Amino acid sequence: MRNTLFSLMLVLICGMSFAETCPSIKALKKTALAGWTFYNSTDDKPLSTEREAFIKKQAKQLAVVEWTSQDGKTGSVHCYYMDKDGSHFDAYLAKENLT
C-alpha cells in the first residue's frame, strides 16, 4: 500500500511539473512563444500560420502533456490543448532539447 501511494504521488508531481512547462492559455493567446512550434499530430509536420492562429484563438484548456526522449537525457515536451467542446485540434505545441 505504501509503495502504491508513493508511486501515485510521484506520477502526480511529475505530471504537474510537465504541465508547468507548457505555456498557459493566457500565454498561448497573448505572447510570442519563443522556442515553441506547433505540429500536426498525424504527420508531425509544422502547422501553417493560419492553423496555428486558429488554435491559439480557440484553445480553452491544456489537455495532455507528453514527454518524449530518444536518449533518456534530453527530449521534448508536447502540449495538447483543447477547445470548449473538447477537441484536441489534431495538433500539439512542442519544445525540443529539454533536459
Side-chain angles (χ1 to χ4, degrees):
M1 178 70 175
R2 184 176 276 188
N3 287 341
T4 303
L5 182 59
F6 177 75
S7 297
L8 179 60
M9 289 174 55
L10 184 62
V11 167
L12 290 173
I13 290 169
C14 290
M16 287 186 281
S17 67
F18 288 133
E20 291 176 353
T21 302
C22 292
S24 67
I25 296 298
K26 184 177 180 180
L28 186 71
K29 292 177 180 283
K30 301 285 183 192
T31 62
L33 302 171
W36 292 90
T37 306
F38 275 101
Y39 292 95
N40 184 313
S41 59
T42 305
D43 60 12
D44 296 316
K45 292 183 180 177
L47 293 184
S48 67
T49 304
E50 294 81 17
R51 188 146 176 240
E52 184 178 323
F54 174 80
I55 291 171
K56 286 180 174 182
K57 182 178 179 182
Q58 297 298 318
K60 299 293 181 203
Q61 181 178 345
L62 178 64
V64 177
V65 179
E66 174 183 59
W67 172 260
T68 62
S69 178
Q70 298 296 327
D71 61 9
K73 295 178 183 176
T74 61
S76 63
V77 64
H78 295 178
C79 308
Y80 295 83
Y81 295 89
M82 62 185 193
D83 67 9
K84 65 179 177 69
D85 297 320
S87 170
H88 292 150
F89 304 110
D90 293 324
Y92 61 90
L93 183 61
K95 191 166 197 172
E96 310 294 331
N97 301 316
L98 298 173
T99 55

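None of these values were measured; they are calculated from a predicted model.
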In the structure I gave you, are the side-chain heavy atoms of L93 and I55 within less than 4.5 Å of one another anywhere? no
Below 4.5 Å, heavy atoms only, C-beta onward: do C22 and Y92 meet side chain to side chain? no
Quick one: does any side-chain atom of R51 pair with a main-chain N or O of F89 as donor and acceptor, under 3.5 Å? yes
Return the minimal non-hydrogen interatomic distance between P46 and Y39, and the atom names on each side. N-CD2, 3.6 Å
So, does K60 use its side chain to make a donor-acceptor pair with the main chain of D85 at under 3.5 Å? no
For Y80 against S41, the heavy-atom pair lying closest together: CE2-CB, 4.2 Å
Minimal non-hydrogen separation, L47 against N40, with atom names: CD2-N, 3.6 Å
What one should report as the nearest heavy-atom pair of A59 and Y81 is CB-CB, 4.1 Å
Rounded to the nearest 0.5 Å, how far apart are CE of M82 and CD1 of I25? 9.0 Å
Within one Ile-Leu-Val-Met-Phe-Trp-Tyr cluster: V64 and L62, side-chain cutoff 4.5 Å: no
Using side-chain heavy atoms (C-beta onward) and a distance below 4.5 Å, is F38 in contact with K56? yes
When you measure from the side chain of K95 to the backbone of S76, do you find a donor-acceptor pair of N or O atoms at a distance under 3.5 Å? no
What's the spacing between Q61 CD and K84 NZ if we round to 0.5 Å? 14.0 Å
All side-chain contact (heavy atoms from CB on, under 4.5 Å) counterparts of S87, not counting sequence neighbours: D83
To the nearest 0.5 Å, what is the distance between CD (E96) and OG1 (T74)? 9.5 Å
Measure the CD-NZ distance between E52 and K57 for me, rounded to the nearest 0.5 Å. 15.0 Å
